[in-house]
Amino acid sequence: MEANINPSHKNSERGKITVLRIGDLLLERGLITQEQIDQALAYQKEHRPKSLLGRILVDLDLITAENLVATMAVALGVPFKNLTPEMIDSDALEILPHPFIKQNNVLPISLADNQFTIAMEEFTNVFLIENIERLSGYAVQVVAATNDNIRQVIQSCLSDSAEYAFDEIIDEVREEGELTVVEQKHETVNDLESAASDSPVIKLVNHIINGAIHERASDIHIEPDDGVFRVRYRVDGELHEVLQPPPNMLSAVVSRIKIMAGMDIAERRIPQDGGITVMLKKNPVDLRVSTMPTKYGEKVVIRVINNKGASLNLRNLGFSETMLPKMLEILSEKNGVILVTGPTGSGKSTTLYGSLNEIVTPKINVSTIEDPIEYNLARVNQFQVNTKAGFTFARALRALLRQDPDVIMVGEIRDPETAQIATQAALTGHLVLSTLHTNDAPSAVPRLINMEVEPYLVAASLRGVLAQRLVRKICTNCKVQADLQPTTLEILKTMFGGSLPMDTFYEGKGCSQCRNTGCAGRIAIYELFVPEQEMLEAIGRNASIQELRRTSNKRNYTTLRQDGIEKAKQGIISINALLEVVARRGPDEPEETDDGNAEVWHPHTREDD
């Protein structure tokens, strides 16, 4: 630790470099001898040339971490404290996101006179301090404390009855010493079952799942790496690291999850899929589990399907006033295929369920084929695909056609057989709703043709395609006007014919309610494609996607970008959030109208309307 940056935020010379020789400082205070310094320097040179001398002194048990931090703090004029939970103001804890506090091991202590007091071991880390100032909006006063002391108080202050104390779990693992995993090639099924059934592992897995539900995460990623085992949550579309358990716990944690999901814990060479249903405060939460082998162990991804509070009403999903009536109109068709397209996690299933809610009545038979069943719908017959048993989408759809259905929802058209059966069902008097993975709505047409559905059958059966994306919403508690970066403004001008589509831009500056991200929740943006006669003729002769887009351009249907801009004008989403999910315009995409706005078109719309 040869040089440190003075972190005092009271000093106008913030950022000034103060050269300190930690060995000299410790010698002056009588905490170490010259022989011990020489010993540490020799070890540093031979084994850890990139490590700081102070850290090596601690690791060799020549000084305590408290002595090291206190010495540096005194030299730099920073207060040093031994923290206790009683010192912490609970309101100050809410100023920074809890995952940020845990990940960076910084502890908010108090807020007084617009001065935010923070305890840090890395109190010379100016970049971290400036990040805290940006997130909190306050000037920061630093207090020095040891890493372990800060972590223990954080755990004490942020844990509640619904969570397990992570440090206690890890300590229990280390004390018992029974979860040390040998090389994978030597592990047996009995070893894995024993490790997975140990109390610390069960607590850790429950802690991970509880935390994900509490943080409104859509996915949990359990990722092995070289000497590292990390846990990340996807919240509002972005991944955030929340835990780094000891790497020797990986096999036991993965085995525990596999047991819960009914998977084969002995098979670690191939991917596996499974499912778990957990109860949280008497509410069921479905978890879809996927494992895949990596170089350093098995990676696990858990999709969290929390039905509580989910809106299945199309009127609450973000449709514009012009698009919603057109969507309801195509849902009133008695037969044909209606598709919802978009990438994984774009809300397609929620839109399909909302569509079924609009259709279902006591007078018709509505049935679904799903993998898995995500929501339970009244008056709807829902069938779960079981690929292992041979009950695939295609086989289920073929059987369902003998069940006298009026409306069929197929969770996803994945293969030519399913696509062909769905098209035939639509041509024989059924209304079929399903999803496809395409980048925009017109691309659904060549996608079906590539699945060996004849072009004339696509033209005869297709009633409409809805493309969608999920965009992070601006937190209403901290929404402010924004000044966009010049590069962002240039991108907007390029996308909209050389002029900006709007004059005023908004963003969230970050607050305690949104974990200082500036965003809270997500909303869908849509692109509705309803083919009229000219388009149907182009589809029938297997026209290229470029021709389909040019033909659709004549009627100026609303694109994802245009719908997103309208929501940005209303202050619902930010431009930066929109640009994260929409593509830059390609040469074959429809041109925008002068004001960046357009109407959804429909086959019944007159040419001169």
Side-chain angles (χ1 to χ4, degrees), residues 1 4-5 7 9 51-52 54-59 63-73 76 78-90 92-111 116-136 138 140-160 163-171 173-174 204 207-208 211 215 225 227-233 239-247 249 510 512 515-517:
M1 195 176 291
N4 292 279
I5 299 177
H9 283 234
S51 295
L52 298 174
R55 178 55 55 194
I56 291 175
L57 290 168
V58 173
D59 291 345
I63 59 170
T64 65
E66 183 175 334
N67 285 338
L68 173 65
V69 176
T71 299
M72 292 299 301
L76 290 171
V78 176
F80 175 82
K81 290 186 180 293
N82 283 309
L83 302 169
T84 65
E86 291 73 27
M87 295 180 181
I88 310 305
D89 183 348
S90 58
L93 276 176
E94 299 305 317
I95 294 175
L96 293 177
H98 290 182
F100 178 89
I101 291 173
K102 294 175 182 177
Q103 182 174 346
N104 294 282
N105 207 43
V106 297
L107 179 60
I109 297 176
S110 63
L111 176 64
F116 191 27
T117 303
I118 293 281
M120 305 169 58
E121 184 187 45
E122 297 183 30
F123 54 85
T124 59
N125 188 337
V126 170
F127 300 106
L128 180 56
I129 294 170
E130 290 179 344
N131 196 18
I132 293 171
E133 285 188 332
R134 181 183 61 80
L135 288 173
S136 66
Y138 298 107
V140 168
Q141 174 63 40
V142 175
V143 170
T146 66
N147 188 66
D148 288 344
N149 182 207
I150 293 171
R151 188 177 66 250
Q152 290 167 3
V153 177
I154 288 174
Q155 187 61 62
S156 176
C157 292
L158 295 187
S159 62
D160 56 42
E163 296 181 338
Y164 293 95
F166 178 63
D167 285 341
E168 293 179 6
I169 296 171
I170 300 305
D171 289 342
V173 173
R174 289 172 178 152
L204 177 57
H207 173 81
I208 292 170
E215 294 287 338
D225 205 338
V228 177
F229 160 30
R230 64 176 62 92
V231 179
R232 296 195 290 172
Y233 295 158
L239 284 169
H240 304 274
E241 185 172 321
V242 292
L243 294 175
Q244 274 200 21
M249 293 186 70
S512 59
R515 308 184 316 280
N516 286 292
T517 62

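Only a predicted model underlies this, so the values are computations on that prediction, with no experimental measurement involved.
- Between atom CE of residue Met120 and atom CD1 of residue Ile132 there is a gap of 5.0 Å, rounded to the nearest 0.5 Å.
- Taking each heavy atom of Asp89 and Ser110 in turn, the nearest pair found is CB-CA, 4.1 Å.
- Within 6.0 Å of OH in Tyr138 there are 12 or fewer heavy atoms belonging to other residues, nucleotides or ligands.
- Taking the side chain as every heavy atom from C-beta outward, Thr517 and Pro97 never approach each other to under 4.5 Å.
- Between His207 and Tyr233, the shortest heavy-atom contact is O-OH, 4.0 Å.
- Distance SG/Cys157 to CE/Met87: 11.0 Å, rounded to 0.5 Å.
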### Phe123/Val143 under side chain to side chain contact (heavy atoms under 4.5 Å, CB included): CA gap, chis, key distance, verdict
CA-CA 7 Å; Phe123 54 85; Val143 170; over 6 Å; no

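- Pro108 has its side chain within reach of Leu96: a pair of non-hydrogen atoms, C-beta onward, lies under 4.5 Å apart.
- Gln244 and Arg230 make their closest contact through CG-CB, 4.1 Å (heavy atoms, listed as atom of the first residue, atom of the second, distance).
- Here Gln152 contributes atom CD and Asn147 contributes atom CG; the two are 9.5 Å apart, rounded to the nearest 0.5 Å.
- With sequence neighbours excluded, no residue forms a side chain to side chain donor-acceptor pair (under 3.5 Å) with Ser136.
- Between Met249 and Leu204, the shortest heavy-atom distance links the atoms CE-CD2, 3.3 Å.
- Atoms CG and CD, from Leu111 and Glu94 in turn, are 13.0 Å apart once rounded to the nearest 0.5 Å.
- In terms of heavy-atom proximity, Ala73 sits nearest to Ala144 at CB-CB, 3.7 Å.
- Two residues are said to be in side-chain contact when any heavy atoms from C-beta on lie closer than 4.5 Å; Asn105 and Glu121 fail this criterion.
- Interatomic distance, CZ of Phe80 versus CD of Glu66, reported as 4.5 Å (0.5 Å rounding).
- Taking each heavy atom of Val69 and Ala145 in turn, the nearest pair found is CG1-O, 3.8 Å.
- For the pairing with Val142, the side chain to side chain contact (heavy atoms under 4.5 Å, CB included) check across Ile129, Leu128, Ile118, Thr124 returns one residue only, Ile129.
- From Arg151, atom CZ reaches atom CG of Leu107 across 12.5 Å, with rounding to the nearest 0.5 Å.
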